[in-house]
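Comments concern the structure below.
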Amino acid sequence: EEKEEDVLRDLRLFLRNIVETLLVDRRFKIFSKPVDIEEVPDYMMVIKKPMDLSTLLTNIDEHKYSTIREFLADADLIWKNALEYNPDSDPLDRHIRHRACALKDRIQTFIRDGLGEDFMSLCEEIKKSR
Ligand SMILES: O=C(C1CCC1)N1C[C@@H]2C[C@H]3C[C@@H](O)[C@@H](O)[C@]2(C1)O3
């Protein structure tokens, strides 16, 4: 039978594939690294939990996610933070929000296409048992 560690390894492989695909998508280059605090000194005052694609990948490798739900909580921060920090009607903010919405939809499609319900609930069950 599939051992719990095999399920968690499958989860990491699935999540790594998602993040690596996002990292090579030119639309999402602005999300690939942490916002530069030198360049944006007030960023940490506005955004309580910064997140980016490179950090997401490091978290996967550090076994920080044992369920899809935990991964999505961080992945969704990337586009939510972008919408929050860039709310204005000027063209640059609009461009960033457009990319944020594209990222949101792309992540959702990965999850819907990539996973059966049972794999998601299997990971949740393993987490409960620990
Ligand atoms: O929110 C972001 C990133 C875009 C998605 C994440 N930033 C905040 C700054 C405002 C805007 C213009 C530049 O000042 C640049 O530094 C940032 C980076 O874009």
Side-chain angles (χ1 to χ4, degrees):
E1 102 277 358
E2 199 172 27
K3 293 183 171 41
E4 290 189 355
E5 289 316 311
D6 295 337
V7 173
L8 292 171
R9 189 177 314 101
D10 288 349
L11 176 65
R12 288 193 299 276
L13 286 169
F14 175 69
L15 297 179
R16 257 188 223 103
N17 173 58
I18 292 174
V19 180
E20 284 164 0
T21 307
L22 294 173
L23 276 165
V24 298
D25 189 322
R26 293 201 305 273
R27 292 176 294 171
F28 305 135
K29 185 167 174 28
I30 57 174
F31 303 116
S32 55
K33 293 275 191 251
V35 169
D36 183 343
I37 302 304
E38 313 275 301
E39 191 180 309
V40 193
D42 77 331
Y43 190 75
M44 299 291 281
M45 284 186 273
V46 177
I47 299 301
K48 294 309 156 212
K49 189 177 176 188
M51 189 48 62
D52 66 279
L53 294 171
S54 300
T55 302
L56 217 42
L57 200 53
T58 302
N59 288 351
I60 293 166
D61 292 346
E62 293 177 348
H63 295 204
K64 285 226 171 71
Y65 306 122
S66 56
T67 67
I68 292 284
R69 188 192 310 274
E70 289 173 350
F71 169 79
L72 279 178
D74 277 354
D76 286 346
L77 280 173
I78 299 172
W79 56 265
K80 287 177 179 175
N81 290 344
L83 295 179
E84 181 179 347
Y85 191 82
N86 304 282
D88 302 337
S89 65
D90 65 87
L92 179 60
D93 280 30
R94 289 205 166 134
H95 170 78
I96 290 169
R97 290 201 301 278
H98 184 71
R99 295 282 167 88
C101 294
L103 179 64
K104 172 182 187 285
D105 292 344
R106 188 69 188 87
I107 291 169
Q108 196 54 44
T109 301
F110 271 120
I111 303 297
R112 189 196 63 219
D113 292 355
L115 278 181
E117 289 301 308
D118 44 7
F119 184 78
M120 291 180 82
S121 43
L122 180 56
C123 291
E124 295 286 345
E125 286 312 308
I126 291 171
K127 181 181 165 192
K128 277 188 220 151
S129 73
R130 297 189 167 193

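Throughout, residue positions are numbered sequentially from 1 according to the sequence presented. Both ligands and their constituent atoms are indexed starting at 1 by order of listing.
Only the side chain of Leu92 comes within 4.0 Å of ligand 1, counting heavy atoms alone; its backbone N, CA, C and O stay farther away. Contacts between Asn86 and ligand 1, counted as non-hydrogen atom pairs separated by less than 4.0 Å, involve the side chain only.
Glu124 and Lys127 are not joined by a salt bridge, as no carboxylate oxygen comes within less than 4.0 angstrom of a charged side-chain nitrogen. Contact check on Lys64 versus Glu70 returns no salt bridge, with no Lys/Arg side-chain nitrogen under 4.0 Å from an Asp/Glu carboxylate oxygen. Arg130 has a carboxylate O that lies under 4.0 Å from a charged side-chain N of Glu5, or vice versa, which qualifies the two as a salt bridge.
Distances below 4.0 Å separate heavy atoms of Ile96 from the following atoms of ligand 1: 4 (C), 5 (C), 11 (C), 19 (O).
In this structure, the protein non-hydrogen atom closest to atom 3 (C) of ligand 1 is Val35 CG2, 3.8 Å. Regarding atom 5 (C) of ligand 1, its nearest protein heavy-atom neighbour is Phe31 CE2, 3.6 Å. The nearest heavy-atom contact from the protein to atom 17 (C) of ligand 1 is Val40 CG2, 4.5 Å.
Just one of Asp74, Leu13, Thr55, Leu15 meets the side chain to side chain contact (heavy atoms under 4.5 Å, CB included) condition when paired with Ile60; it is Leu15.
The number of heavy atoms from other shown groups lying within 6.0 Å of CZ (Arg26) does not exceed 12.
Cation-pi geometry between Arg16 and Phe14 is not met at under 6.0 angstrom from the ring centre and within 45 degrees of the axis.
Remark: ligand 1 and Glu39 share an N or O pair separated by less than 3.5 Å (distance only, no angle test).
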